[in-house]
Trainee: 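Okay, here's the structure, questions in a sec.
So that the names make sense, note that chain A is the first sequence line, chain B the second, and so on, each numbered from 1.
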Number of protein chains: 2
Amino acid sequence: MDVIDRRIVDCLLRDGRATYGDIGAQVGLSAPAAKRRVDRLRASGAIRGFTVVLDPSALGWTTEAYVEVYCRGNVSPRQLRESLERVPEVLGACTVSGAADALLHMAARDIEHLEQAMERVRDHPDIDHTESVIVLSRLIDRPRS
Amino acid sequence: MDVIDRRIVDCLLRDGRATYGDIGAQVGLSAPAAKRRVDRLRASGAIRGFTVVLDPSALGWTTEAYVEVYCRGNVSPRQLRESLERVPEVLGACTVSGAADALLHMAARDIEHLEQAMERVRDHPDIDHTESVIVLSRLIDRPRS
DNA sequence: GTTGAAAAGTGAACTCG
DNA sequence: CGAGTTCACTTTTCAAC
């Protein structure tokens, strides 16, 4: 993963459907050379795939929340991941430092839908309680850099 | 935005570089019809664009944190956004319910880099103090659904 | 990096409810 | 008319050199 790979990744972050010709032109490579680099990045796992960036409000899921999860005793991260994966409203989850065991990023159509999803999260036997913060307005949403 | 549009979006969430032929095959349309729908979704703003999904660890920014921001007095969300946008390590930001005014999602190469970025965030005159939680391990990272 | 065959993208003309 | 289809034509992909 060198400087050119980085610049290729930058191109793809801006436009995931850029043609290999365009990518090559921006980094000073021919289209096949650019494609070979992208293929290599995919094979190595650095590039997981490609996706569409949606306007969250444009299709329903306008209600977001961040939820701190407090567990009973010691729960392995693996167990926690497996149970949280079953709740599609959980967009992101991570174990964190501090008093809470994990922090979840959740999204739902509305408050009612969010509440239902949080009940499903709390169904897990190891979860003691949760503390949630509702998102009022999103200021920044950068895909990743 | 009807049922077919939803299914097209699902295809693109799974593979943002899917060909119009593939998309059409999955939703029962010809390639040009699929393309016209995707073009329409882009024009309407429902689709913002396309991007690459990276393995976060594969290129450097392995250190993540969630930062609660407490402001002095009343700060407009617009002002806050404008100053936070100047810090590239801020991947996401939103105003929230509860004691804090905003919650930031930040990423950096390492703890030292993160500390520098947080200093830049705190440079803003309206920010009183911050409380941060370091991410230990990421359990789930769904692009969005 | 270059080449060339196969595949995908894309606009136009056409058809159906 | 809006939405789909087929058809021609251009551009891109991609494997071989």
Trainee: Determine which pairs satisfy salt bridge (charged side-chain N to carboxylate O under 4.0 Å, His left out) with at least one residue from residues 89-112 of chain B, sequence neighbours left out, and list them in order.
Mentor: none

Trainee: For DNA chain C, which residues of residues 22-47 of chain B approach it to below 4.0 angstrom with any heavy atom?
Mentor: B/Pro32, B/Lys35

Trainee: Tracing side-chain links under 4.5 Å among I, L, V, M, F, W and Y, which residues wind up in one group with B/Leu136?
Mentor: none

Trainee: May I ask you to test the A/Leu12-A/Ile8 pair for a side-chain heavy-atom distance under 4.5 Å?
Mentor: yes

Trainee: Apply the hydrophobic cluster definition, ILVMFWY joined by side-chain contacts under 4.5 Å directly or through others, and give me every member besides A/Leu84.
Mentor: A/Val67, A/Val69, A/Val75, A/Leu80, A/Val87, A/Val90, A/Leu104, A/Met106, A/Ile111, A/Leu114, A/Met118, A/Val121, A/Ile127, A/Ile134, B/Leu139, B/Ile140

Trainee: Nearest-Å distance, CE (B/Met1) to C1' (D/dG2)?
Mentor: 19 Å

Trainee: Report the distance from atom OH of B/Tyr20 to atom P of D/dC7, rounded to the nearest whole Å.
Mentor: 22 Å

Trainee: Take the protein atom CG of B/Asp15 and the nucleotide atom C1' of C/dA8, then report the distance between them rounded to whole Å.
Mentor: 14 Å

Trainee: For B/Leu103, which fellow cluster members are found when Ile, Leu, Val, Met, Phe, Trp and Tyr are connected by side-chain heavy-atom distances below 4.5 angstrom, either directly or through intermediates?
Mentor: A/Tyr66, A/Val96, A/Leu103, A/Val133, A/Val135, B/Tyr66, B/Val96, B/Val133, B/Val135

Trainee: I need the CZ-P distance between B/Arg17 and C/dA8, as an integer number of Å.
Mentor: 13 Å

Trainee: Quick one: salt bridge (charged side-chain N to carboxylate O under 4.0 Å, His left out) pairs with a partner in residues 42-52 of chain A, sequence neighbours left out?
Mentor: A/Arg48-B/Asp55

